[in-house]
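Contents: one structure, followed by commentary.
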Amino acid sequence: MTTAATIHLVRHAQGFHNLSEENESLHDPDLTPLGEQQCADLRASFPSHDKLVRLVASPLRRTIYTAELSFGRPSLHPIVLLDLLQEVSASPCDTGSSKAELAAEFGDKVDLGSVRDAWTEKGPGSVFEPSLEALTARAKLARKALKKLLDEAGGGDVAVVTHGGFLHFLTDDWEDVPSNKATAWTNCMCRSYRFTEAPDDDDDDVRLVETEESWRCRQPEHRKQLTWAEQRQLRAAVQKRVGPYLKIKSASA
């Protein structure tokens, strides 16, 4: 059964780490001026502000600022920070700040209750390890956590700001990833989804399906969405290709 309420997924705005490969050495970087403008543009164009009842973000600073600049208002505070939504790699740019640092910077605008003290540790065996197995498992946990938040929202919409690499794992949508890129999601891109049951043998999972309106908005040629089976066939090939860009460990590493 499909959940009627909508979850709006957003990739963060441009950060300084997006400007060059060298900048990926920056720890938990800020948004660029262009990134701040992208947030203003999204705020102006987003059609469902009046339907939003909750705001969720990865605990990295660029996602928190994107959420606040694009959607923030007192009635949506505190922004729920969910550590399961953090980016894929263990690079400095994809490693967040401590809970104490986040609390000092954002105060009561954020809810840190769903952020583990060790959320910045991505070593072997961690839920945040940058391996295909761990990322697939983490995406499943994130879907379930977001489904719970959406159910608790009582019928209103939820906006979620996360990262380009992780969004593919979260949605299990691997279509249109450019050959020389890690993600098909551009900075501040927003797509809208609804939850439905997973169409396989995993009764403990849920699936995100893009709304027809969202799909048509970004696909002017009106081609059909891939089926679940087609996405599964595409997934392995794309994951192998984008793995080096996302700095994902292979199964044999």
Side-chain angles (χ1 to χ4, degrees), residues 9-42 57-67 69-70 81 83-98 101-102 105 119-124 126-136 138-139 142 160-191 218 234-253:
L9 299 181
V10 180
R11 183 190 176 194
H12 64 81
Q14 185 190 70
F16 280 99
H17 67 298
N18 294 134
L19 298 180
S20 67
E21 187 173 348
E22 290 76 15
N23 279 12
E24 293 178 7
S25 64
L26 297 171
H27 175 248
D28 203 4
D30 285 317
L31 297 180
T32 65
L34 175 58
E36 294 176 354
Q37 182 60 53
Q38 290 170 337
C39 293
D41 293 342
L42 177 57
S58 153
L60 279 100
R61 296 173 64 252
R62 60 185 178 271
T63 40
I64 301 173
Y65 277 113
T66 298
L69 293 173
S70 302
L81 302 186
D83 58 13
L84 292 168
L85 296 174
Q86 67 176 293
E87 183 57 301
V88 169
S89 86
S91 298
C93 64
D94 293 334
T95 301
S97 303
S98 70
E101 290 171 321
L102 292 173
E105 184 168 358
W119 81 281
T120 60
E121 298 177 11
K122 300 188 178 185
S126 166
V127 67
F128 306 116
E129 180 183 4
S131 67
L132 285 177
E133 295 82 359
L135 285 163
T136 300
R138 171 153 70 94
V160 179
V161 183
T162 178
H163 304 267
F166 187 66
L167 276 160
H168 288 289
F169 288 91
L170 183 66
T171 63
D172 212 10
D173 181 345
W174 299 90
E175 192 171 1
D176 295 331
V177 180
S179 60
N180 61 339
K181 299 286 185 180
T183 180
W185 291 69
T186 56
N187 289 121
C188 250
M189 174 180 276
C190 178
R191 304 183 192 177
R218 66 186 186 85
L234 182 64
R235 178 171 66 180
V238 178
Q239 285 181 345
K240 182 177 180 180
R241 176 165 54 81
V242 303
Y245 294 100
L246 292 173
K247 300 178 176 62
I248 297 174
K249 300 175 184 176
S250 67
S252 61

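Please read all numbers here as calculations on a predicted model, not as lab measurements. Residues: numbered from 1 along the sequence shown.
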Name all residues meeting the side chain to side chain donor-acceptor pair (under 3.5 Å) criterion together with [X]; count only those two or more places apart in sequence or in a different chain, and write none if there are none.
X      : answer
Ser91  : Ser89
Gln14  : Thr32
Lys247 : Glu24

Can you tell me how far the [atom1] atom of [X] sits from the [atom2] atom of [Y], to the nearest 0.5 Å?
X      : Y      : atom1 : atom2 : value
Thr66  : Leu42  : OG1   : CG    : 9.0 Å
His163 : Ser58  : NE2   : OG    : 3.0 Å
Asp28  : Leu102 : CG    : CG    : 7.0 Å
Asp83  : Phe128 : CG    : CZ    : 3.5 Å
His168 : Leu246 : NE2   : CG    : 8.0 Å
Leu135 : Arg138 : CG    : CZ    : 5.5 Å

Exercise. May I ask you to check whether His27 and His17 place their ring centres under 6.0 Å from each other?
Key: no
Self-check item: Centroid-centroid under 6.0 Å between Phe166 and Trp185 rings
Solution: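 No, ring centres 6.0 Å or more apart.
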Quiz item: Which residue, Glu36, Glu105, His12, forms the side-chain hydrogen bond (donor to acceptor under 3.5 Å, both in side chains) with Tyr65?
Solution: Glu105
Quiz item: Is it true that Arg61 and Asp30 have a side-chain N and a carboxylate O under 4.0 angstrom from each other?
Solution: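 Asp30 and Arg61: salt-bridged.
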Quiz prompt | Note: Asp176-Lys181 ion pair, threshold 4.0 Å (strictly below) | solution = no
Quiz item: Regarding Ser126 and Glu129, is there a side-chain donor-to-acceptor distance under 3.5 Å anywhere?
Solution: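 Absent: no donor and acceptor within the cut-off.
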Practice problem: Answer yes or no: is there a donor N or O on one side and an acceptor on the other, between the side chain of Gln86 and the main chain of Trp119, under 3.5 Å? | Solution: yes
